[in-house]
Amino acid sequence: MSKVRVRFAPSPTGYLHIGGARTALFNFLFARRHQGAFILRIEDTDTVRSTQKSVEEILNAMRWLGLSWDEGPYYQSERFSLYQEKVQQLLREGKAYRCYCTSAELDQKREQAMAEGRKPKYDGTCRQCGEHIEGKPFVVRFRSPDSGATTFNDLIKGPISVQNDELDDIIIQRTDGTPTYNFVVVVDDVEMGITHVIRGDDHVNNTPRQILMYQALGAPLPSFAHVPMILGADKTRLSKRHGATSVMSYEEMGYLPEALVNYLVRLGWSCGDQEIFSMEELIAKFSLENVGRSAGVFNPEKLLWLNSHYIKSGDPQRLGRLLQRHLERMGLSVPRPENLPAVVALFRERDKTLEEMAKSAAFLFRDKPEMEEAAEKKFLTEANRGLFETIIHYLEGCEPFTHDAVEQCVEKIMAETGLKMGKVAQPIRVAITGGTVSPSVFEILPILGREETLKRLQSALALLK
RNA sequence: GUCCCCAUCGUCUAGCCCGGCCUAGGACACCGGCCUUUCACGCCGGCGACGGGGGUUCAAAUCCCCCUGGGGACGCCA
């Protein structure tokens, strides 16, 4: 059996989005699963809309997700001579022809056909006129058969068949001499020895005409696998209207790449009842047979759940480094990064994203807590003055300043004041964090240190009303 | 409009290919309880689906047909 070769072929007209990422992921997993090659090809034949910046962004997102490629990136814009050669070949063999219709004429015909309820397909005006009109601009069209049917067996959807008379004589070379997508994709897939074309559902309709071109080129057919679309909550194609669609925006929002990968792979693929997969497991278990046939709705809640799972179970050292980035993006400095794993340990059970964690932990990195008005009003009251003085008194003598020692201290305060835990802990929490929500005070006080703790309690004393 | 594809809880899905084990399983979300120094986590329980109609069969979520619904494609974009 020949070696599996698959490719991901994004067009660099924007960032890598969720749908593209899943297609890339499926290709990657399929390649790894079969010890094949994963090839990256940049489809930039549209020289007007393609940008190098988009290429960089896409590569970055791929790296972030851990989708490493074995070959490329190849740029189609650097292969124009190859395509032109192939166009000439088809022209010579009569499998393609020059078309002198202008785009204005075509637009008009298309519109009219639609209005009359006909399929808006090219009417074949230039099909027969074989002569070369000197000086007049032309496009090159692929001559597709007007009878018979083209059938292929999609690895995901099963047999798909289209009548050839449904197929247009599509343009394969523009007036300016540049080739178009449906042609270059075939030339390159042939040239690069692609064995399996795994791509989005939206290409199903292109497949029959591409098959015709494989045949015209005398090339063997690859297998095709069309993965279903990803929809938004309203069941229309996922777009910005449904929220963030850029892969890297999830990084910014504090998501872990393994969470996105895990989410994306389960959107459309399954392995019994299993929900959590490491990349290694995915490589071992992924198969196209278990990819579903119907479109799926992107569910941010489930992604969030997976993210919280990976935050809870991830390596604190690594999470600490990532947390640092988010803290710094908030404008906070981290003087002692070596404490970050301990900070992660404090918050990993309660925060679902690194962004949330950075916000929750921010009080540790500020000079003084940002007071929430409601919390201040409720707990920093004149009536609590005595309590705060007692707290300060005991904490000053708390030695060492550890979880257990602080806990013992608080117990003494409870005994002396006759207050319950909640009545003692909440005022401390507000004074220290500025809010009513945080990890255990026994945990946060030692992290903050005695000096800073007392400083904040003293400041609170000054705020009592 | 034409063509292609799809159809199990609100959502992702298992089961469907090789009909009976399905009074349809899991997960997210939601609701209730427990735990508790706040908020979470966690644990326990609950709600909740085979789109409709015809067949085939002793038996259909599973096979066939129609309808309906949804998505996609119809570019000198990819």
Side-chain angles (χ1 to χ4, degrees), chain A residues 9-13 43-46 48-50 76 99 101-103 106-107 110 113-121 137-141 154 156-158 160-163 165-168 170-176 178-182 184-185 199-208 226 228-229 231 233 235-237 263 266-276 289-290 292-306 308 312 347-352 360 375 407 410 414 420-430 433 435-442:
Chain A
S11 140
T13 52
E43 308 232 319
D44 56 352
T45 51
D46 185 343
V48 178
R49 297 199 303 161
S50 300
Q76 291 187 321
C99 169
C101 299
T102 65
S103 41
L106 294 170
D107 287 348
R110 190 157 36 234
M114 287 275 239
E116 290 172 12
R118 288 181 290 116
K119 191 171 174 82
K121 112 179 209 192
F138 63 89
V139 299
V140 177
R141 285 184 186 271
D154 193 279
I156 291 171
K157 298 189 177 271
I160 294 177
S161 186
V162 175
Q163 293 300 313
D165 59 16
E166 291 293 332
L167 270 23
D168 229 334
I170 59 162
I171 291 169
I172 59 176
Q173 188 180 86
R174 303 185 182 95
T175 312
D176 66 2
T178 59
T180 61
Y181 166 75
N182 273 299
V184 295
V185 73
R199 78 229 299 193
D201 220 350
D202 46 342
H203 287 288
V204 169
N205 293 279
N206 289 327
T207 307
H226 289 97
M229 300 273 84
L231 311 177
K235 304 252 189 179
T236 63
R237 194 179 178 144
Y263 176 72
R266 277 287 289 109
L267 211 193
W269 174 83
S270 61
C271 185
D273 285 338
Q274 191 172 345
E275 296 286 352
I276 307 291
E289 296 88 78
N290 292 318
R293 293 161 305 279
S294 52
V297 175
F298 184 76
N299 182 353
E301 311 260 70
K302 188 152 185 183
L303 205 208
L304 195 57
W305 170 72
L306 279 162
S308 70
K312 276 181 283 209
F347 291 94
R348 67 190 316 176
E349 299 288 324
R350 56 226 318 133
D351 291 309
K352 295 180 194 295
S360 304
E407 185 169 6
V410 169
M414 286 163 65
K420 289 190 174 178
M421 180 69 84
K423 296 287 179 190
V424 177
Q426 273 311 71
I428 295 177
R429 175 171 284 116
V430 172
T433 71
T436 54
V437 173
S438 85
S440 162
V441 294
F442 308 138

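Chain identifiers are assigned alphabetically (A, B, ...) following the order of the sequence lines, protein sequences preceding nucleic acid strands; residue numbering begins at 1 within each chain.
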I need the OH-P distance between A:Tyr181 and B:A78, as an integer number of Å. 9 Å
Rounded to the nearest angstrom, tell me the gap between atom CD1 in A:Ile171 and atom P in B:C74. 13 Å
Indicate yes or no: at least one non-hydrogen side-chain atom of A:Leu306 is less than 4.5 angstrom from one of A:Ile276. yes
Does B:G70 have OP1 or OP2 under 4.0 Å away from a side-chain N or O of A:Ser294? no
B:G26 base / A:Glu275 side chain donor-acceptor hit below 3.5 Å: yes
Pairwise P distance, B:G33 and B:G70 [rounded to whole Å]: 40 Å
Contact between A:Val140 and A:Ile172 at the side-chain level, heavy atoms closer than 4.5 Å - yes or no? yes
When rounded to whole Å, the CD to P distance for the pair A:Glu289 and B:G15 reads 12 Å
Which part of the nucleic acid, if any, lies within reach of A:Thr236 when heavy atoms closer than 4.0 Å are counted: base, sugar-phosphate only, or nothing? sugar-phosphate
Heavy-atom donor-acceptor pair, A:Asp201 side chain to A:His226 backbone, under 3.5 Å: no
For nucleotides 28-35 of chain B, give me one character per nucleotide, 5' to 3': B if any protein heavy atom sits under 4.0 Å from the base, S if the only such contacts are to the sugar-phosphate, - if neither. SS------
Got a donor-acceptor pair under 3.5 Å from the side chain of A:Asp201 to the base of B:G72? no
hbond_proxy A:Ser438 side chain to B:U38 base (donor-acceptor, 3.5 Å cutoff): no
If I pick the C1' atom on B:C74 and the same atom on B:C12, what distance separates them, to the nearest angstrom? 31 Å
State whether the side chain of A:Lys302 and the backbone N or O of A:Tyr263 hold a donor-acceptor pair below 3.5 Å, judged by distance alone. no
Which one, B:C4, B:A73, B:U37, comes nearest to the side chain of A:Val204? B:C4
Could you check whether A:Thr178 gets within reach of a base, just the sugar-phosphate, or nothing at all, counting any heavy atom under 4.0 Å? nothing
Among B:C76, B:A14, B:G71, the one nearest any side-chain atom of A:Met229 is B:G71
Remember a base hit wins even if backbone is also touched, and classify A:Gly268 as base, sugar-phosphate or nothing at under 4.0 Å, heavy atoms. sugar-phosphate
Checking N1-N3 plus N6-O4 or O6-N4 for Watson-Crick, or N1-O2 and O6-N3 for wobble, each under 3.5 Å, the partner of B:G10 is B:C28
Residues passing the side chain to side chain donor-acceptor pair (under 3.5 Å) test with A:Arg348, sequence neighbours excluded, are none
In whole Å, measure the gap between the P atoms of B:C5 and B:A24 for me. 33 Å
Which base, if any, makes a Watson-Crick or G-U wobble pair with B:C21, both distances under 3.5 Å? none
Identify the nucleotide, in any strand shown, that forms a Watson-Crick or G-U wobble pair with B:C50, with both distances under 3.5 Å; if there is none, say none. none
For residues A:Arg429 and A:Ser438, is any side-chain donor paired with an opposing acceptor at under 3.5 Å? yes
So, the side chain of A:Thr175 versus the backbone of A:Pro137: is there a donor-acceptor pair under 3.5 Å, distance only? no
Mind checking if A:Arg237 touches a base, just sugar-phosphate, or nothing, with heavy atoms under 4.0 Å? sugar-phosphate
Only pairs with both distances under 3.5 Å count, Watson-Crick or wobble alike; so what is the partner of B:C16 in this structure? none
Roughly, in whole Å, what's the span from CZ in A:Arg199 to C1' in B:C4? 14 Å
Taking the C1' atom of each, how far is B:G55 from B:A60, in whole Å? 12 Å
Touch class at under 4.0 angstrom, heavy-atom based, for A:Val139 against every strand present: base
As a test of the definition: with a 90° window around 0 for syn, would you call B:C41 syn or anti? syn
The nucleotide from B:A78, B:U13, B:C6 with an atom nearest the side chain of A:Lys157 is B:C6
Whole-angstrom distance between B:A14 and B:A59, as gauged at atom P: 29 Å
With a 4.0 Å limit, can you tell me whether A:Ser270 has a side-chain N or O closer than that to the phosphate oxygens OP1/OP2 of B:A14? yes
B:G51 to B:G69 separation - P atoms, rounded to the nearest Å: 15 Å
Determine the Euclidean distance between corresponding C1' atoms of B:G32 and B:G48; express it in Å to zero decimal places. 15 Å
Taking atom C1' in both B:G15 and B:C58, compute the distance separating them and give it to the nearest angstrom. 23 Å
Taking NZ from A:Lys121 and P from B:C4, how many angstroms apart are they, rounded to a whole number? 13 Å
If we call it a pair only when both distances are under 3.5 Å in a Watson-Crick or G-U wobble match, what pairs with B:C63? B:G55
How long is the line joining CG of A:Asp154 and P of B:C6, in whole Å? 9 Å
Using atom types as modelled and distance alone, determine if a side-chain donor or acceptor of A:Asp168 lies under 3.5 Å from a backbone N or O of A:Ile170. no
Atom-pair distance (CZ on A:Arg110; P on B:U2), nearest Å: 19 Å
Counting distance only, does the side-chain N/O of A:Asn290 pair as donor-acceptor with the main-chain N or O of A:Cys271 below 3.5 Å? no
The side chain of A:Asp273 is closest to which nucleotide in this list: B:C76, B:G25, B:C3? B:G25
Is A:Asn206 touching bases, backbone alone, or none of the nucleic acid, heavy atoms closer than 4.0 Å? base
More 5' along RNA chain B: A:Arg293 or A:Val162, using each one's nearest nucleotide? A:Val162
Under 3.5 Å for both donor-acceptor distances, Watson-Crick or wobble: does B:U2 have a partner, and if so which one? B:A73
Which sits closer to the 5' end of RNA chain B, A:Gln426 or A:Gly158, going by the nucleotide each is nearest to? A:Gly158
Flag the pair A:Thr207 / A:Arg199 as yes when at least one side-chain heavy-atom distance between them is below 4.5 Å, and no otherwise. yes
Residues two or more places apart in sequence or in another chain: which of them pass ring pair (Phe, Tyr, Trp, His ring centres under 6.0 Å) with A:Phe347? none
Please determine whether any donor N or O and acceptor N or O are separated by less than 3.5 Å between the side chain of A:Arg266 and the base of B:U13. no
Once you apply a heavy-atom cut-off of 4.0 Å, does A:Cys271 come out as touching a base, just sugar-phosphate, or nothing? nothing
At less than 4.0 Å, is any side-chain N or O atom of A:Lys312 found next to OP1 or OP2 of B:A40? Yes or no. no
Can you tell me how the ring of A:Tyr181 sits relative to the ring of A:His203, calling it parallel under 30°, perpendicular over 60° and tilted otherwise? tilted
Check every atom of B:U38, B:G72, B:C39 against the side chain of A:Arg429 and return the nucleotide holding the closest atom. B:U38
Any donor-acceptor N/O pair under 3.5 Å between B:C76 base and A:Thr175 side chain: yes
Regarding B:C41, can its base be found pairing with the side chain of A:Arg350 as donor and acceptor, where the two atoms are less than 3.5 Å apart? no
Please work out if A:Phe442 contacts a base, only the sugar-phosphate, or nothing of the nucleic acid, heavy-atom cut-off 4.0 Å. base
Rounding to an integer number of Å, can you tell me how far A:Trp269 CH2 sits from B:C12 P? 17 Å
